[in-house]
Amino acid sequence: MLYRTLGRTGFTVSEIGFGCASYWGKPRFSERRAIGLVHQALDLGVTVFDTGASYSAGEAEPRLGRALKGRDASSLVISTKAGTFHAGRGRIGRDFTPAGVVRSAEASLANLGLDALPVLQLHGPARSDLTAELLAALAGLKARGLVRSLGLNSFDPVVLEHAIGLGVFDVMMVDYNVLRPERAPLIARAVKAGLGVLAGMPLAMGHTGLKVARIGDLQDVWYAARGLVRHRREVKAGVAFSFLHRRSDITGSQAALAYVLGDPNVASAVIGTTRPAHLAENVQASGVALPADLHAQIVRTQAAVA
Ligand SMILES: NC(=O)c1ccc[n+]([C@@H]2O[C@H](COP(=O)([O-])OP(=O)(O)OC[C@H]3O[C@@H](n4cnc5c(N)ncnc54)[C@H](OP(=O)(O)O)[C@@H]3O)[C@@H](O)[C@H]2O)c1
């Protein structure tokens with residue numbers, strides 16, 4: 001595993017991070033398998049673990065806490081998110097009030113069994129949520145030593161640009177993958193301003209591998225439903241990139257990750273998986289260069305589907 005600097009945070013992070021979210025965090029996915037994946041990731045040198053207060057209906061964060069129990073977390077960069085919460089029956093509530101975000105951070109510390117959160121990210125705020133009062137509350141969490149660095153996770157370029165300019169955030173998590181080349185200039189601006197960038201959904205949620213058509217287990221049904229209900233654009237666009245998976249010199253997932261990590265402005269590509277073999281395959285993408293002809297084919301396809 002290779003490691004990169006996470007902006008001005010002072011942290012060094014593994015090129016491949018592990019996302020503790022979605023199906024991984026759900027009670028119907030066995031605790032033993034979920035925790036086994038975290039331990040496997042640790043053994044493979046993964047140091048970034050990303051979760052959120054509202055992930056997996058609030059179940060992912062405490063599950064990550066249980067997985068880390070008894071482990072030395074001092075060199076890990078655990079990232080969690082505030083501003084959203086599980087509002088019951090699968091609904092996600094939003095609370096970006098200063099008191100709400102502070103409460104959420106304090107609950108995250110307890111869930112994760114940590115004295116301080118290496119990264120606390122706001123989870124999808126609107127620009128109008130980023131009030132002076134909220135920024136002061138975030139600074140207060142840092143001053144109390146409860147949070148080491150502040151981040152923002154958003155898919156909205158307007159919010160991201162605004163956040164870069166505020167000078168308050170140290171980390172940014174954006175969706176960045178072969179389907180999202182337009183994020184590159186924004187990521188470059190964030191890094192120039194001193195932020196560290198975590199790439200979320202670096203495998204485009206598996207849709208270049210035609211995930212919705214590959215049902216082998218219960219989680220695949222869930223992934224397919226998520227794609228068809230919430231990410232139709234990615235499902236459709238992913239088909240054009242299925243050539244990634246037809247090479248003999250590199251696997252499709254490794255090619256997707258090599259594309260993301262080929263951008264030196266990305267500190268870590270944070271993947272989600274429920275399968276040990278996939279985790280091992282993804283970790284092996286660290287340090288792999290994308291073959292030049294494949295890179296050219298990706299760029300040509302991006303232009304064609306734009
Ligand atoms: N999705 C979002 O809306 C979102 C938003 C903000 C942040 N994030 C962060 O980004 C992380 C990753 O996002 P994500 O899980 O949605 O997307 P992702 O990492 O791009 O893709 C995950 C999908 O790819 C499959 N996969 C993983 N490795 C594979 C391999 N080697 N071969 C074939 N399929 C493979 C997984 O299925 P298997 O289980 O079968 O491996 C899963 O369906 C999250 O955990 C979170 O930390 C995500």
Side-chain angles (χ1 to χ4, degrees), residues 16-26 29 33-34 37-38 40-41 44 46 48-56 60-61 63-64 77-81 83-84 92 119 121-125 151-156 160 171-180 183 197-231 233-235 238 241-242 244-245 250-260 266 268-286 288:
I16 304 296
F18 188 83
C20 299
S22 56
Y23 202 85
W24 175 90
K26 294 196 176 292
F29 182 58
R33 289 170 71 190
L37 282 159
V38 170
Q40 180 189 357
L44 292 170
V46 172
V48 180
F49 293 86
D50 180 67
T51 190
S54 64
Y55 279 6
S56 312
E61 191 180 67
R63 176 171 271 183
L64 175 59
V77 179
I78 312 290
S79 161
T80 193
K81 308 192 186 71
T84 57
I92 293 191
V119 183
Q121 303 193 58
L122 294 183
H123 189 205
L152 187 135
N153 170 218
S154 175
F155 299 158
D156 183 341
L160 290 164
V171 175
M172 185 164 274
M173 182 172 227
V174 294
D175 49 333
Y176 189 37
N177 52 53
V178 291
L179 306 183
R180 285 262 177 245
R183 294 287 188 246
V197 174
L198 302 174
M201 303 155 69
L203 297 163
M205 294 181 284
H207 295 313
T208 62
L210 313 180
K211 194 80 188 161
V212 292
R214 293 183 204 284
I215 309 292
D217 217 330
L218 272 184
Q219 65 264 51
D220 301 317
V221 177
W222 187 87
Y223 288 138
R226 173 175 74 164
L228 294 172
V229 173
R230 284 172 34 205
H231 299 283
R233 179 196 168 275
E234 284 81 1
V235 171
F241 291 85
S242 54
L244 290 174
H245 300 264
I250 189 166
T251 72
S253 298
Q254 289 173 345
L257 293 169
Y259 171 82
V260 171
V266 170
S268 182
V270 180
I271 61 98
T273 188
T274 53
R275 293 184 161 100
H278 286 174
L279 176 57
E281 178 187 344
N282 296 338
V283 165
Q284 279 164 18
S286 173
V288 169

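Ligands are counted one by one from 1 in listed order, and the atoms in each one are counted from 1 as well. Source: prediction; values computed, not measured.
Ring orientation note: the planes of Tyr223 and Tyr23 are tilted relative to one another, at an angle of 30° to 60°.
Heavy-atom distances between Tyr55 and ligand 1 reach below 4.0 Å in at least one pair. Between Gln284 and ligand 1 there is no heavy-atom distance shorter than 4.0 Å. Judged by the shortest distance from any of its heavy atoms, Trp24 lies outside the 4.0 Å radius around the atoms of ligand 1. Judged by the shortest distance from any of its heavy atoms, Gly209 lies outside the 4.0 Å radius around the atoms of ligand 1. Ligand 1 has no atom lying under 4.0 Å from any heavy atom of Gln219.
Of the polar atoms of Thr273, at least one N or O is found under 3.5 Å from an N or O of ligand 1, judged by distance alone. At a 3.5 angstrom cut-off on N or O pairs, Ser253 counts as close to ligand 1. Checked against a 3.5 angstrom limit, the closest N/O atoms of Met173 and ligand 1 fall outside it. By the 3.5 Å distance cut-off applied to N or O atoms, Thr274 is counted among the residues near ligand 1. The shortest N/O to N/O separation between Asn153 and ligand 1 does not fall below 3.5 Å. Annotation: Ala21 places no N or O atom under 3.5 Å from an N or O atom of ligand 1; distance criterion only. The shortest N or O to N or O distance between Lys81 and ligand 1 is not under 3.5 Å. Remark: ligand 1 and Ile271 share no N or O pair separated by less than 3.5 Å (distance only, no angle test). Looking at His231 next to ligand 1, no N or O pair under 3.5 Å apart turns up.
Here the side chain of Thr273 pairs a donor or acceptor atom with the backbone of Arg275 at under 3.5 angstrom.
For atom 21 (O) of ligand 1, the closest heavy atom belonging to the protein is Met205 CA, 3.2 Å. In this structure, atom 19 (O) of ligand 1 lies nearest to the protein heavy atom Gly272 N, 2.9 Å. Of the protein's non-hydrogen atoms, the one nearest atom 5 (C) of ligand 1 is Phe155 CZ, 3.4 Å.
Side-chain N/O atoms of His245 and Thr208 include a donor and acceptor closer than 3.5 Å. Using modelled atom types and a 3.5 Å distance limit, the side chains of Glu61 and Thr80 yield a donor-acceptor pair.
How far OG of Ser22 is from CZ of Arg226: 4.5 Å, rounded to the nearest 0.5 Å. Residue Met173 holds its CE atom at 5.0 Å from NZ of Lys81, rounded to the nearest 0.5 Å.
Applying the 4.0 Å criterion to heavy atoms of Gly206 picks out, from ligand 1, the atoms 21 (O), 23 (C), 24 (O). Near Gly200, meaning under 4.0 Å from any of its heavy atoms, are these atoms of ligand 1: 10 (O).
The shortest heavy-atom contact between Thr84 and Ala53 is O-CB, 3.8 Å.
Residues passing the side chain to side chain donor-acceptor pair (under 3.5 Å) test with Ser286, sequence neighbours excluded: Glu15.
The existence of a salt bridge linking Arg214 and Asp220 is excluded, since no basic side-chain nitrogen approaches an acidic carboxylate oxygen closer than 4.0 Å.
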Can Tyr55 and His123 be said to form a ring-ring contact (aromatic ring centres under 6.0 Å, His included), step by step? CA-CA 10 Å; Tyr55 279 6; His123 189 205; 5.4 Å; yes

